[in-house]
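Chain naming here is simple, since letters A, B, ... match the order of the sequence lines and numbering starts at 1 in each.
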Amino acid sequence: MPAHPVFMDYDTPACQAVGQRIRAGAPFVYGLTNYVAAPLSANVLLAVGAAPAIGAAPGWPDGFGARAGAMWVNAAGLINGSVEDMRTAIAAANTAGVPWVLDPVAMGAGVTGYDALIRTLAAGGPAVIRGNASEIMALAGGMGTARGVETTATIAQAVPSGLTLAHRQKAIVAISGPEDHILTPDGQQVVIPGGHRLLATVTGAGCALGGVIAAALAVTPVGPERLMAVATAHALYARAAEMAARNAQGTASFATGFVDALSQLQQVA
Amino acid sequence: MPAHPVFMDYDTPACQAVGQRIRAGAPFVYGLTNYVAAPLSANVLLAVGAAPAIGAAPGWPDGFGARAGAMWVNAAGLINGSVEDMRTAIAAANTAGVPWVLDPVAMGAGVTGYDALIRTLAAGGPAVIRGNASEIMALAGGMGTARGVETTATIAQAVPSGLTLAHRQKAIVAISGPEDHILTPDGQQVVIPGGHRLLATVTGAGCALGGVIAAALAVTPVGPERLMAVATAHALYARAAEMAARNAQGTASFATGFVDALSQLQQVA
Amino acid sequence: MPAHPVFMDYDTPACQAVGQRIRAGAPFVYGLTNYVAAPLSANVLLAVGAAPAIGAAPGWPDGFGARAGAMWVNAAGLINGSVEDMRTAIAAANTAGVPWVLDPVAMGAGVTGYDALIRTLAAGGPAVIRGNASEIMALAGGMGTARGVETTATIAQAVPSGLTLAHRQKAIVAISGPEDHILTPDGQQVVIPGGHRLLATVTGAGCALGGVIAAALAVTPVGPERLMAVATAHALYARAAEMAARNAQGTASFATGFVDALSQLQQVA
């Protein structure tokens, strides 16, 4: 039986500790992601104090997959990269003991061959899988409910799938939505309330979260502390979104305020 | 003989109605575009209330081309995608009755083979062709006058070519510039005055307009109402640019203010 | 023996003259760069008054390499483009007498095959090589000290390597850091102090500088004046960063303020 959910926000001391370790460690985080999300992802990682590199130049998947503190693999990176490069990076990371995050973007949107490629990436053994409700349900084996890159399912609908997926994959599963749920293989649940609906109007914000999770993993030992690392990435995001919403004049100034808030919370700027 | 031009701005009730339908319908709009313009294009579409997906991951051109409410194909997407993927998406869209927009970026800049590829895309039957004066003149068969991705011709020079092109292609042709001209196969002309010169300092703003036109098509039935849909996209752009210019401190805060204004006008933020 | 370094900032009249020529000439600048940096690079070039085009659509490397006023080649462009396209563009530029800038991004980060590709690009004869300390040291033949795309070496450590590289390549070498050093084949040194540490939190800011250097080269005759052209690009950057830091609320509003300041200094907005 899963335990009762634990509610958490950015004020939790354990959360602050993870943020502090990212700031102090400035981890090198390597990402294979898509060109829509890449600029924001790099800026978000710089704002939280990490050192990102993105993309698969010749030799990078093998070299950076092994050298990074952690890695994130965004399935929509297949719009500008090959699944072979992703597999090379995953193999290099696994061999070197580098934890990595899988983001199954647009899984369950009705494109069967694409979904099958994501399943082969998931078989590579990510430490964390993050996505929206539709994506997590599809990767767990449920019906496809995504519309392009957007979810049509609710968090509540996705939690049972997420628990199944976490158990089967032996990975932490994080579902983003109006409140975020972080699930472990043994049925623990951390819930991050808050955040702001405008975050869904910033392209790549979800994708960039995969990078922030990786940054948190990079400064956290293997073991139960990883749950708090993943939760911290979400709590930091939620708090920054709330801060940004206060002064936003629209969706673009919200995006600017969001990255500003991340850099303020992490004392980078 | 072409009819006299009709002048229009965002206050036109028909325009407001199209904006309202985009907001209410949140259409899924699929784009094949270039990585320079992609982040802004996605953010612009989210700001007006649409649901964009961009790029050609395996299976997406066929799957999303058929499932989207509308599609836009930006020729400069050839910097990061294949003409085959574009053709696949076009064929899927045509089979499913999904209207699509062609943007012949940098046509007429002196690169013959590239121009020839765009002609093959135009042969696929876009519902709308949008571009700057040089691009429209080149696609209509005139002399190449583009310098890279910039026009050296005026709107006045391009209107006769645009009318010819609209008639030949049985498509609406939209020419962007200090004032925008929207032309139909039977010679109707709608002129959108206003806007702001700073819009030309925001990379990808023209490319993103192709996406907004697609969003407007997605919520408009086939037939004469499409003229108003295309005009609305331009009128919304012009108004948002005017609003952004009031508080801009430079080209980047203008860009932020422009997207903010789109989201305000569309009541997304 | 190298001469004593000359210190310079944006108030230098020679600097103002280069800025004025960019504004007046609006040079067409062609870039092969990566998708992380591309949107900012294009916006930065538009902000200073240049006319950028980016990417290798079919025929562009040959056509735009020859037609541009100047070109920049960013090695991390290998995440989304082929070395063959880069070589084609370089050959076209060289044949047409178009000066070009090489940015050896992430050279010396431990990926041997990637570093070897950059060496073949350098053999193509760039007019200017720009990078951070680790990259310049690696290209000069020293130990690899980069961590992903970031330097771990200091400017002081890199200057001797930079002088060697400038002499060997018969190129101007520019090293970016807390103060920038511009070095010539005959041992001249110009130092640009100032700038702001937050510039390192804006992804692609260094990459975009390669484009601004190209814009300055495009409006400057071959010969000794090129040193001032390269110095101007750096002095403009340093001044704009200082201006942006005054009102920044975080890393993202710093980025907006930086591009705004470029456009103000160049009287584009």
Side-chain angles (χ1 to χ4, degrees), chain A residues 26-64 66-69 77 79-81 85 240 243-244 247 252-269, chain C residues 33-43 55 74-83 86 104-107 109-118 144 146-152 196-205 207-208 244-245 247-257:
Chain A
F28 171 27
V29 184
Y30 178 48
L32 293 176
T33 190
N34 63 83
Y35 53 72
V36 188
L40 181 70
S41 300
N43 280 325
V44 158
L45 280 163
L46 291 166
V48 301
I54 288 175
W60 287 18
D62 193 54
F64 289 172
R67 274 178 182 78
I79 71 172
N80 48 246
D85 279 337
M243 290 166 63
N247 295 304
S253 55
F254 174 84
T256 301
F258 173 67
V259 177
D260 273 0
L262 289 173
S263 70
Q264 291 164 12
L265 290 167
Q266 285 289 94
Q267 301 168 26
V268 165
Chain C
T33 189
N34 63 82
Y35 54 73
V36 189
L40 181 71
S41 299
N43 280 325
N74 180 292
L78 293 169
I79 71 172
N80 49 246
S82 70
V83 74
M86 290 183 178
V105 181
M107 178 133 197
V111 183
T112 318
Y114 174 74
D115 289 0
L117 289 178
I118 300 182
R147 197 178 65 132
V149 300
E150 304 213 339
T151 189
T152 67
H196 198 275
R197 68 170 186 83
L198 282 177
L199 201 53
T201 68
V202 179
T203 200
C207 295
N247 295 305
Q249 303 294 311
T251 54
S253 55
F254 174 82
T256 301

**OP:** Quick one: pull up OG1 in A:Thr33 and OH in C:Tyr35 and give me the separation to the nearest 0.5 Å.
**Re:** 7.0 Å
**OP:** Please examine the side chains of C:Val202 and A:Leu46, heavy atoms only from C-beta on, and report whether any two atoms are closer than 4.5 Å.
**Re:** no
**OP:** Heavy-atom distances under 4.5 Å only: say whether A:Ala66 touches chain C with side chain, backbone, both or neither.
**Re:** neither
Original post:
In Å, rounded to the nearest 0.5 Å, how long is the span from CG of A:Asn43 to OG of A:Ser263?
Top reply: 10.5 Å
Original post:
Rounded to the nearest 0.5 Å, how far apart are CZ of A:Phe28 and CZ of A:Phe64?
Top reply: 4.5 Å
**OP:** Give the ring-plane orientation class for A:Phe254 versus A:Phe258, where under 30° counts as parallel, over 60° as perpendicular and anything between as tilted.
**Re:** parallel
Original post:
Where is the tightest heavy-atom contact between A:Pro61 and A:Asp85, given as atom of each residue plus distance?
Top reply: CB-O, 3.5 Å
Original post:
When only pairs under 4.5 Å are counted, which of C:Gly113, C:Ser253, C:Gly204 shares the most heavy-atom pairs with chain A?
Top reply: C:Ser253
Original post:
Does any heavy atom of chain A fall under 4.5 Å from the side chain of C:Gln249, the backbone, both, or neither of them?
Top reply: both
Original post:
For chain C, which of A:Val29, A:Leu262, A:Asn80 has the most heavy-atom pairs under 4.5 Å?
Top reply: A:Asn80
Subject >> Segment of C:Ala255 engaging chain A (4.5 angstrom heavy-atom cut-off) >> reply: neither
**OP:** Output the option from A:Gly59, A:Ser41, A:Ala37 having the highest count of non-hydrogen pairs under 4.5 Å with chain C.
**Re:** A:Gly59
Subject >> Option in C:Ala109, C:Pro39, C:Ala76 with maximal non-hydrogen atom pairs under 4.5 Å from chain A >> reply: C:Ala109
Subject >> chain C contact via A:Ala51 - which portion, at a heavy-atom distance below 4.5 Å >> reply: both
**OP:** Against chain C, work out which of A:Ala53, A:Gly63, A:Pro58, A:Ala38 has the most heavy-atom pairs shorter than 4.5 Å and name it.
**Re:** A:Pro58
**OP:** Measure the spacing between CG of C:Leu199 and OG1 of C:Thr251 and express it to the nearest 0.5 Å.
**Re:** 12.0 Å
